[in-house]
Amino acid sequence: MTTHVSSAASLSPQAPPQELLTPELLRAWAWHKQGLDGTLLGAEAADVFATAGWARSVGGANPYLTLFARAGTSREQADADVLSLKIHELPAARGCTYVLGHEDFAWGLQIGRDAAVAPFRVLARMGVERGEITLLEEQILHALAEAGGPLDPKQLKDLLGDSVRNLGEEGKKKGAATTLPTALGLLQADGRIRRVPVNGRLDQQRYAYTLWGLPPTSMNDDEARALLLERYLGWTGGATFKQSQWFTGFTMAHTKAGLTAVGAVEVPAADGEVLWMLPDDVERLAAFDAPAEEQIQLLAGTDSLVLLRRNSADMIAEQDKDKKLLGSTLALQADLPDHPILDRGRIIGLWQYDPGNARIAYWLFEGPTPAATQRIAEVEAWIRDELGDFRSFSLDSPASRQDRIDALDAAGQNA
């Protein structure tokens, strides 16, 4: 169902005829907008995230592959950019952690601020007053200043002693064992401290905290929300109202106001779906031709191409929609169970990394092509030499994915 923003927002007169906006063309268009067609090769990491979208980080390797697939960035260079604060992992949209470029730090934190405040509401119901958390915040800042370097949560808790209140069994049940995480979250949301990986790598979840003092933006919340929607539509090349709401976490009223503020227009696609697009992108889409040659990429299941609109089913061709793995139909799952192999925006297979054998296990739905085989070998060598493993998230392990590796091997042999 179409969600109308206002009477002023109408169908774009510059848009291509609806019947031409087929799933195939829109897949290739999103691929292009994501810089997966080679247009970002050699780009700086911050520019990749500004163009293709912030990289979701959950202690997995997605940020590294996001950069390698688009710009050819090595892990060493990405880690150096984190160290020099050209890029950083911060809580942003919906309070979820993403790796952002430096120009987005302050307003990205502003977007995620409400999520940092939410845990305090849980504490308040257990009798914790705001003044107690404010005092704890000041004591954390003092401890970090005295230390002269990063401290991990255990070190902070030991230093702060009784200032960190233990909330007992009730707190544990509500996900708040002590008052320390809430205070740290509020300080981070304000840009007064930042969280740094203890070994400099993004694909793990052991962190320490250090002083920061990031200046706030001059934007109000309405302006920040409009900017996120403008970026989001630019990253995706167009999205439905529902998809825009899912990524941003905005209310319907805030989403409507933001779309109006950036001049977004409605563009109906051949399948009947209505996309909201930026006016400049409508004109570019009218002149866009899908690439004729194969463009193969291996991406993470949380890559921006897949995650921003959470629409992996749209990336599966009609003839592949009944494909199953471990008894589940791929096109019916909200999130991909394995990492995708794609050609110009179409999912043509799935993969997992098998560190025990230093190889990629994969299933190409229609069998291998020379281009697909070459790219699989390139990504396999990069993971082996630079990452050592490819974890989806912090608790991912070779043992936990062994059944999927075996299933991919079996499906690949039968393709």
Can you tell whether the side chains of E129 and R165 come within less than 4.0 Å, N to carboxylate O? no
OG1 of T255 to CE of M252, rounded to nearest 0.5 Å, is 8.0 Å
Minimum heavy-atom separation for S312 and V306, please, with both atom names. CB-CG1, 4.1 Å
Between I87 and A46, the two heavy atoms sitting closest are CG2-N, 3.8 Å
Does a donor on one side chain and an acceptor on the other come within less than 3.5 Å for D396 and S400? yes
Suppose we screen for side-chain hydrogen bond (donor to acceptor under 3.5 Å, both in side chains). Which residues come up paired with Q402, at least two apart in sequence or across chains? D406
Tell me whether the NZ or CZ atom of R75 lies within the 45° cone about the ring axis of W382 and under 6.0 Å from its centre. no
Would L299 and L342 satisfy side chain to side chain contact (heavy atoms under 4.5 Å, CB included), going step by step from the backbone distance to the final call? CA-CA 8 Å; L299 301 177; L342 302 105; 3.6 Å; yes
As a quick check of understanding, evaluate side chain to side chain contact (heavy atoms under 4.5 Å, CB included) for L233 and D281, giving each step before the final call. CA-CA 9 Å; L233 294 182; D281 274 342; 5.9 Å; no
Are Q188 and R195 close enough that a side-chain donor and a side-chain acceptor fall under 3.5 Å? no
Least distance between heavy atoms, I193 atom then Y209 atom: CD1-CD2, 3.6 Å
Where do L330 and I347 land on the side chain to side chain contact (heavy atoms under 4.5 Å, CB included) test, with the steps shown first? CA-CA 11 Å; L330 299 178; I347 294 175; over 6 Å; no
Compute the ring centroids of Y353 and W351, then answer whether they are less than 6.0 Å apart. no
Shortest non-hydrogen contact from D37 toward T39: OD1-OG1, 2.7 Å
Would you call D303 and R70 a salt bridge, taking side-chain N to carboxylate O under 4.0 Å as the test? yes
Can you name the nearest heavy-atom pair linking P355 to G388, along with the distance? CB-O, 4.0 Å
R310 with D335: basic N within carboxylate O range, under 4.0 Å: yes
Carboxylate-amine/guanidinium proximity below 4.0 Å for R346 and D343: no
Quick one: pull up CG in D320 and CG in D322 and give me the separation to the nearest 0.5 Å. 8.0 Å
Side chain to side chain contact (heavy atoms under 4.5 Å, CB included) assessment of L184 paired with L180: CA-CA 6 Å; L184 290 172; L180 182 60; 3.8 Å; yes
Among side-chain atoms of Q352 and D338, is any donor-acceptor pair under 3.5 angstrom? yes
Does the pair E294 and T369 meet the rule for a side chain to side chain donor-acceptor pair (under 3.5 Å), with working shown? CA-CA 9 Å; E294 284 178 282; T369 65; 2.8 Å; yes
Could you tell me whether the side chains of R130 and T134 share a donor-acceptor contact shorter than 3.5 Å? yes
Between K174 and E169, is there a salt bridge with N-O shorter than 4.0 Å? no
Taking atom types as modelled, find out whether Q295 and W31 have a side-chain donor-acceptor pair closer than 3.5 angstrom. yes
Indicate whether the side chain of S392 and that of H339 have a donor and an acceptor atom separated by less than 3.5 Å. yes
Parallel, tilted or perpendicular: rings of H88 and W212 (30°, 60°): perpendicular
Salt-bridge criterion met for R201 and D203 (N-O under 4.0 Å): yes
E24 bridged to R27 by N-O distance under 4.0 Å: yes
Quick check: closest heavy atoms across K324 and W363, and the distance to 0.1 Å? O-CH2, 3.5 Å
Take D389 and R384 through the salt bridge (charged side-chain N to carboxylate O under 4.0 Å, His left out) test and state the conclusion after the steps. CA-CA 7 Å; D389 192 10; R384 181 181 62 242; over 6 Å; no
Return the orientation label for the F105 and H102 ring planes: parallel under 30°, perpendicular over 60°, tilted otherwise. perpendicular
Would you kindly say whether Q243 and Y232 are connected by a side-chain donor-acceptor distance under 3.5 Å? no
Return the orientation label for the W54 and F247 ring planes: parallel under 30°, perpendicular over 60°, tilted otherwise. tilted
Residue set satisfying side-chain hydrogen bond (donor to acceptor under 3.5 Å, both in side chains) with R194, at least two apart, ordered chain then number -> none
In plain terms, say whether R344 and E293 are close enough for a salt bridge, that is, a side-chain N and a carboxylate O under 4.0 Å apart. no
Report the distance from atom NZ of K154 to atom CG of L151, rounding to the nearest 0.5 Å. 12.0 Å
Roughly how far apart are Y98 OH and L307 CG, rounded to 0.5 Å? 5.5 Å
Write out all pairs satisfying side-chain hydrogen bond (donor to acceptor under 3.5 Å, both in side chains) with one or both partners inside residues 109-120, taking only residues at least two apart or from two chains. Q110-T217, Q110-D221, R113-D190
